[in-house]
Amino acid sequence: MTGADGKTGVALIGLGMVAATYVDALSRLSDKVKVCGVHARSPDGRAEFIRTHGDALGPDCRSYGSIDEIAADPDIAFVIVATPPNARRDIVSTLAGAGKAILMEKPVERTVAAAEELCRICEDAGVPLGITLQHRARPSALDLRNLLAENNFGPLHACEISIPWWRPQSYYDDPGRGTYSRDGGGVLISQAIHTLDLALSFTGPAEEVTALTATTGLHQMESEDFVSAGLTFAGGAVGTLYATTACYPGNPEFIRLHFGNVTAHLESNLLLLAWHDGREEKIGAATASGAGADPMAFTSDWHMAIVQNFAECLGTGQPPMVPGRDALHVHRLIEALEKSGREGKRVRVNT
């Protein structure tokens with residue numbers, strides 16, 4: 001899946017807020033990956049993006065006028081799709097039909113049904129679909145996964161998931177942001193999805209939820225900016241969730257996992273272990289994660305790891321770090337939380 005220069009060709013579709021993070025990540029992989037070009041609906045927007053990021057994009061980057069042009073380019077092995085979720089179905093269908101592998105920004109789509117359809121489109125076409133849920137690539141998460149395999153942590157009994165973030169009203173004044181028609185919802189699907197996905201990768205599937213969802217007086221928006229919930233997991237553990245973008249000035253998210261022999265605390269790149277025999281371990285250090293008014297105040301390291309993994313998987317045939325189907329677990333949890341909040345009752349998570 002590499003060109004004559006030994007590099008894997010990639011195109012970027014969608015030049016919004018997160019696009020610069022992808023460009024930075026791609027520039028650091030320039031010995032392995034070549035950016036063939038970018039696309040957005042506005043020609044002026046494409047031109048301005050290339051002017052702004054030209055050095056990082058590289059000399060061969062072109063402005064594609066359509067998705068069909070990208071689909072027809074034999075130099076492109078995979079495409080990063082970073083559009084809003086409501087704009088993806090036709091893009092995915094065209095690219096998959098042309099045999100292009102797809103790495104897509106979270107969420108997969110606005111609803112579980114729509115997300116499942118995108119997975120089916122790629123499966124039917126036989127092309128890989130990966131999802132950028134980059135918290136799984138954090139060193140602290142990888143360290144914990146390795147330690148779980150090597151040590152006797154004991155069974156998981158309880159977990160705490162906390163995302164006490166802040167977004168100013170100006171963030172939601174952007175047309176479509178926080179709406180069901182464009183984004184699919186509010187804090188759950190746009191912000192908490194990363195931490196929820198990472199938590200599920202350790203807890204296993206959620207089974208039932210009881211949630212309070214609300215829009216606080218701090219924001220004028222269609223969807224929720226506050227969620228408090230209790231969860232039960234298929235493995236027998238119980239948990240709590242607190243997720244909001246109404247916690248000024250924004251604090252780091254964390255996952256706390258209570259095993260039989262140790263409590264593991266994950267906070268960005270920091271992992272703390274408190275063993276029941278009194279030992280304590282500290283691995284790594286906390287870093288910014290976009291918890292406050294600037295949603296892009298985080299490193300591109302984790303995006304780079306996701307992109308590098310996806311490109312390498314094209315050569316090995318192995319599944320990517322977060323396959324499309326795997327990402328459906330967090331979508332089903334979010335759907336159950338939203339339903340529980342609307343109906344005011346305990347809801348079972350669909351499997």
Legend entry - Working for side-chain contact (heavy atoms from CB on, under 4.5 Å), residues R136 and V322: CA-CA 8 Å; R136 290 209 209 178; V322 190; 3.8 Å; yes
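- Between W166 and H219, the distance from one ring center to the other falls under 6.0 angstrom.
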Legend entry - From CA spacing to verdict: side-chain hydrogen bond (donor to acceptor under 3.5 Å, both in side chains), D225, T216: CA-CA 7 Å; D225 69 351; T216 71; 2.8 Å; yes
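- A cation-pi contact links R145 to F202, judged by a cut-off of 6.0 Å to the six-membered ring centre and 45° from its axis.
- Ring pair F153/W275: centre-to-centre distance below 6.0 Å.
- A distance of 9.5 Å separates CD1 of I67 from CG of D90, quoted to the nearest 0.5 Å.
- Ion pairing between D174 and R167 fails under the 4.0 Å rule for side-chain N and carboxylate O.
- When all heavy atoms of H331 and E109 are compared, the pair lying nearest together is CE1-O, 3.3 Å.
- Classification of K100 and D73 as a salt-bridged pair fails, no side-chain N sitting under 4.0 Å from a carboxylate O.
- With Y180 as the aromatic partner, R182 does not meet the cation-pi criteria of under 6.0 angstrom to the ring centre and within 45 degrees of the ring axis.
- Cation-pi geometry between R177 and Y171 is met: the NZ or CZ atom falls under 6.0 Å from the ring centre, inside 45° of the normal.
- Considering only heavy atoms from C-beta on, I13 stays 4.5 Å or farther from I80 through its side chain.
- In this structure, the ring of F259 has its center no less than 6.0 angstrom from the ring center of H157.
- Inter-residue side-chain proximity for H303 and T132 is flagged as met; some heavy-atom pair is nearer than 4.5 Å.
- A side-chain hydrogen bond (donor to acceptor under 3.5 Å, both in side chains) with S289 is found for exactly one of E253, E267, H135, namely E253.
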